[in-house]
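All remarks here apply to the structure that follows.
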Amino acid sequence: MTSAELEERVAPVEESVPGASLTTGTKGTAAGTELDDLSPLGSGRRYRETWKLWQGRVLRVAVPLGLIALWQLTSTLGWVSEYTLPPPSSILAAYGELWDNGDLQSALPVSLQRAAIGLFFGITIGLTLGLFAGLWRIGEQIFDAPLQMLRTIPFIAVVPLFISWFGIGEEPKLILIAAATVFPVYLNTYHGVRGVDKKLIEAGQIFGLSGTRLATRIILPTALPSALTGIRYASGVALLALVLAEQINAHEGIGYILNNANQNQRPDIVIAGILVYALLGIALDIIMRFVERLALPWRPRVTI
């Protein structure tokens, strides 16, 4: 037997079994990962990640509960008069009274309907004007300057004008809510469209996109996060405008309950009504967060 034949028979096993070294390396990596997870450092890392996850949830609940407990304590110890600031126990009793009388059940749908109708028209007008001014220069020249001036006027200042123009029925309430919500939607939509990266537009034009196709496939999807931010902000403004709108000769709704409670010197019911507005705001914000996650699944959630 020659030396060449002997070398061929004693060839390494890895050469006759393709991928053997790769498999061995992969197993080694997996085993190393498992060892890292079982090590004290890996356990500490998992503990820190779990703690960060639950820390935010615990604080979101613990801080409000602590403030409520402090509020109740100040009233119990006599530091604050019940006529100045009723304790949480009195406010809960006020909720029970409103629920037993049926006032709360009848007022909530009315207030929600007003806010929803006004917000719908405000969002529709704001999106339309924002897209028109953002996509076309003629739209910017027509609408941007007047809207920039009007948005600096507090909507509370136009209440007397709305009453003289539209009376004291439902129209001024809905118009006030719509007018207050137009500007956040318009500004965010307009700046979202104008803030689209020019390189994206040039890339779309290179691939043959122009006109409507360029707007619907490049500009509008890129501006969508900004527009949704405007809608989310407008939903909160709608509740602020609702509080003011329901002071205009309201015969039903949360504002009507607040007016009656103020006339009857019932601060517990007044605070209960204010907290209802706050809870509605939290509910709207949660809904808008959910809508943003559905509409923007690619957006990463960055937490520190």
Side-chain angles (χ1 to χ4, degrees), residues 114-167 169-205 209-248 281 284-285 288 291-292 295-296 299:
R114 286 172 180 158
I117 295 175
L119 181 61
F120 171 77
F121 283 106
I123 290 175
T124 302
I125 297 172
L127 283 176
T128 302
L129 296 180
L131 291 174
F132 188 43
L135 292 173
W136 292 282
R137 186 172 298 276
I138 185 65
E140 179 185 13
Q141 295 171 349
I142 294 174
F143 294 112
D144 188 60
L147 288 174
Q148 293 291 349
M149 290 187 294
L150 290 175
R151 75 180 182 87
T152 60
I153 301 175
F155 54 85
I156 190 174
V158 299
V159 172
L161 285 176
F162 283 179
I163 293 176
S164 62
W165 291 345
F166 308 108
E170 286 295 310
E171 290 80 6
K173 300 178 180 62
L174 300 179
I175 293 174
L176 179 63
I177 297 171
T181 55
V182 163
F183 302 110
V185 179
Y186 165 78
L187 287 175
N188 282 274
T189 304
Y190 169 74
H191 287 291
V193 172
R194 285 303 175 95
V196 176
D197 192 349
K198 292 183 179 180
K199 294 181 179 179
L200 291 176
I201 298 177
E202 293 175 356
Q205 292 173 343
L209 299 179
S210 62
T212 305
R213 295 176 62 193
L214 181 64
T216 55
R217 297 189 181 185
I218 301 293
I219 298 177
L220 295 184
T222 308
L224 182 59
S226 181
L228 288 176
T229 300
I231 295 174
R232 180 179 173 184
Y233 182 73
S235 63
V237 175
L239 288 178
L240 296 178
L242 176 66
V243 175
L244 179 62
E246 291 190 330
Q247 308 301 315
I248 306 174
L284 276 176
D285 188 70
M288 287 307 304
V291 171
E292 286 184 355
L296 308 172
R299 172 186 283 184

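Values below: all heavy atoms of this structure, side chains included; hydrogens, waters and symmetry mates excluded.
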[X] side, atom [atom1]; [Y] side, atom [atom2] - distance, nearest 0.5 Å:
{"X": "L244", "Y": "L239", "atom1": "CG", "atom2": "CG", "value": "13.0 Å"}
{"X": "I142", "Y": "L147", "atom1": "CD1", "atom2": "CG", "value": "11.5 Å"}
{"X": "T181", "Y": "L240", "atom1": "OG1", "atom2": "CG", "value": "11.0 Å"}
{"X": "E140", "Y": "L135", "atom1": "CD", "atom2": "CG", "value": "11.5 Å"}
{"X": "F183", "Y": "I153", "atom1": "CZ", "atom2": "CD1", "value": "7.5 Å"}
{"X": "L119", "Y": "I231", "atom1": "CG", "atom2": "CD1", "value": "8.5 Å"}

Under the side-chain contact (heavy atoms from CB on, under 4.5 Å) criterion, do L131 and V193 qualify, and how do the steps go? CA-CA 7 Å; L131 291 174; V193 172; 3.9 Å; yes

Closest heavy-atom pair and its distance - [X], [Y]:
{"X": "A241", "Y": "L176", "value": "O-CD2, 4.1 Å"}
{"X": "P184", "Y": "V237", "value": "CG-CG2, 4.4 Å"}
{"X": "V185", "Y": "L127", "value": "CG1-N, 3.6 Å"}

Min side-chain heavy-atom separation [X]-[Y] under 4.5 Å:
{"X": "V182", "Y": "R151", "value": "no"}
{"X": "Y233", "Y": "T229", "value": "no"}
{"X": "L242", "Y": "I177", "value": "yes"}
{"X": "S235", "Y": "D285", "value": "no"}

Between E170 and R114, does the salt bridge (charged side-chain N to carboxylate O under 4.0 Å, His left out) criterion hold? Intermediate values first, please. CA-CA 8 Å; E170 286 295 310; R114 286 172 180 158; 2.8 Å; yes

Give the C-alpha distance, both sets of side-chain angles, the deciding distance and a yes or no for side-chain contact (heavy atoms from CB on, under 4.5 Å) between F162 and I175. CA-CA 8 Å; F162 283 179; I175 293 174; 4.0 Å; yes

Donor-acceptor contact present, side-chain R194 to main-chain A133, <3.5 Å: yes

Quick one: does any side-chain atom of S226 pair with a main-chain N or O of N188 as donor and acceptor, under 3.5 Å? yes

What is the ring orientation for Y190 with Y186, classed by angle as parallel under 30°, tilted 30 to 60°, or perpendicular over 60°? parallel

